[in-house]
Asks: 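To start, I am sharing the structure in question, which I have written as structure tokens.
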Amino acid sequence: KNILDALAKLMNSERAAITIEGHSDNVPINTPAFKSNWHLSSARAAQVLFFLEKQGLNKAKIAINAYAATKPLVPNISEINKQKNRRVSISITPYKGG
């Protein structure tokens, strides 16, 4: 939360567009909360979006993408690697809107 708070202040003061990407490892999931890794990675990104929105970021400048296990940082061959692939990434680019 502290990192996101600091980022929110910076992004609010800059003309920045924010893309939030949710990722998962390759272990299939099927729970009442998440029917697939796509749902899980989408929810991860959405939670960050909701947090940033509460910090006052302009909704028109935020987008989310869900990648499930399609873009791993490292091979999913160990628990440590799987933990690295369960993540949210934030990209900041110049905002071209009005």
Side-chain angles (χ1 to χ4, degrees):
K1 274 186 156 178
N2 292 337
I3 293 170
L4 288 176
D5 276 331
L7 277 175
K9 289 176 184 148
L10 175 66
M11 290 184 279
N12 262 335
S13 65
E14 299 294 325
R15 293 186 52 84
I18 299 105
T19 302
I20 304 162
E21 300 175 344
H23 302 269
S24 70
D25 61 28
N26 67 341
V27 177
I29 189 169
N30 186 355
T31 68
F34 306 109
K35 294 185 185 234
S36 71
N37 285 1
W38 291 103
H39 291 90
L40 175 59
S41 64
S42 172
R44 284 183 173 144
Q47 287 301 312
V48 173
L49 177 144
F50 297 144
F51 180 85
L52 293 175
E53 187 178 47
K54 284 182 183 176
Q55 305 307 311
L57 261 68
N58 181 347
K59 292 184 240 181
K61 295 170 36 174
I62 306 173
I64 63 172
N65 292 323
Y67 291 108
T70 64
K71 294 189 176 193
L73 287 176
V74 293
N76 283 294
I77 58 174
S78 69
E79 185 56 34
I80 291 172
N81 280 11
K82 289 176 185 177
Q83 289 174 10
K84 290 177 183 178
N85 290 328
R86 299 176 202 134
R87 69 192 190 282
V88 172
S89 303
I90 300 174
S91 299
I92 303 168
T93 57
Y95 182 62
K96 304 201 192 295

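Side-chain atoms are counted along with the backbone in the values below, which use heavy atoms only and exclude waters and symmetry mates.
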Asks: Side chain of N85, backbone of L73: donor and acceptor closer than 3.5 Å?
Replies: yes
Asks: Could you check if a side-chain atom of E21 sits within less than 4.5 angstrom of a side-chain atom of V88, using non-hydrogen atoms only?
Replies: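 Answer no - side chains too far apart.
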Asks: Is any side-chain heavy atom of V27 closer than 4.5 Å to a side-chain heavy atom of K82?
Replies: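 Yes - at least one pair of side-chain heavy atoms lies under 4.5 Å apart.
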Asks: Under the 3.5 angstrom rule, does the side chain of S41 hit a backbone N or O of A68 as a donor-acceptor pair?
Replies: yes
Asks: Do I80 and I77 belong together in a cluster built from hydrophobic side chains that touch within less than 4.5 Å?
Replies: no
Asks: So does N76 get a backbone contact from the side chain of D25, meaning a donor-acceptor N/O pair under 3.5 Å?
Replies: no
Asks: Quick one: pull up CG in N30 and CG in L40 and give me the separation to the nearest 0.5 Å.
Replies: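 Those atoms lie 12.0 Å apart.
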Asks: If you apply the rule side-chain contact (heavy atoms from CB on, under 4.5 Å), what do you find for K54 with F51, and how did you get there?
Replies: CA-CA 5 Å; K54 284 182 183 176; F51 180 85; 5.8 Å; no
Asks: If you define the side chain from C-beta out and look only at heavy atoms, does anything of R44 sit under 4.5 Å from R86?
Replies: yes
Asks: Could you tell me the separation between the CG atom of L52 and the CD atom of Q47, rounded to the nearest 0.5 Å?
Replies: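 Answer for the CG-CD pair, L52 versus Q47, is 11.5 Å.
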Asks: With rounding to the nearest 0.5 angstrom, report the CD1 to CZ distance, I20 to F50.
Replies: 9.5 Å
Asks: Are L49 and L57 in one and the same hydrophobic cluster, where Ile, Leu, Val, Met, Phe, Trp and Tyr link if side-chain heavy atoms are under 4.5 Å apart?
Replies: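 Yes, L49 connects to L57 through the hydrophobic network.
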Asks: Could you tell me if K71 sits above the aromatic ring of Y67, with its cationic atom closer than 6.0 Å to the ring centre and no more than 45 degrees from the axis?
Replies: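 Yes.
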Asks: Are any of the side-chain heavy atoms of I18 and I90 separated by less than 4.5 Å?
Replies: yes
Asks: Tell me whether I64 is reachable from L4 by hopping between hydrophobic residues (I, L, V, M, F, W, Y) whose side-chain heavy atoms are closer than 4.5 Å.
Replies: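 The answer is yes; both residues are in one hydrophobic cluster.
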Asks: Is the backbone N or O of A69 less than 3.5 Å from a side-chain atom of N37, with the two atoms forming a donor-acceptor pair by type?
Replies: no
Asks: Between the side chains of H39 and S42, is a donor N or O closer than 3.5 angstrom to an acceptor N or O?
Replies: no
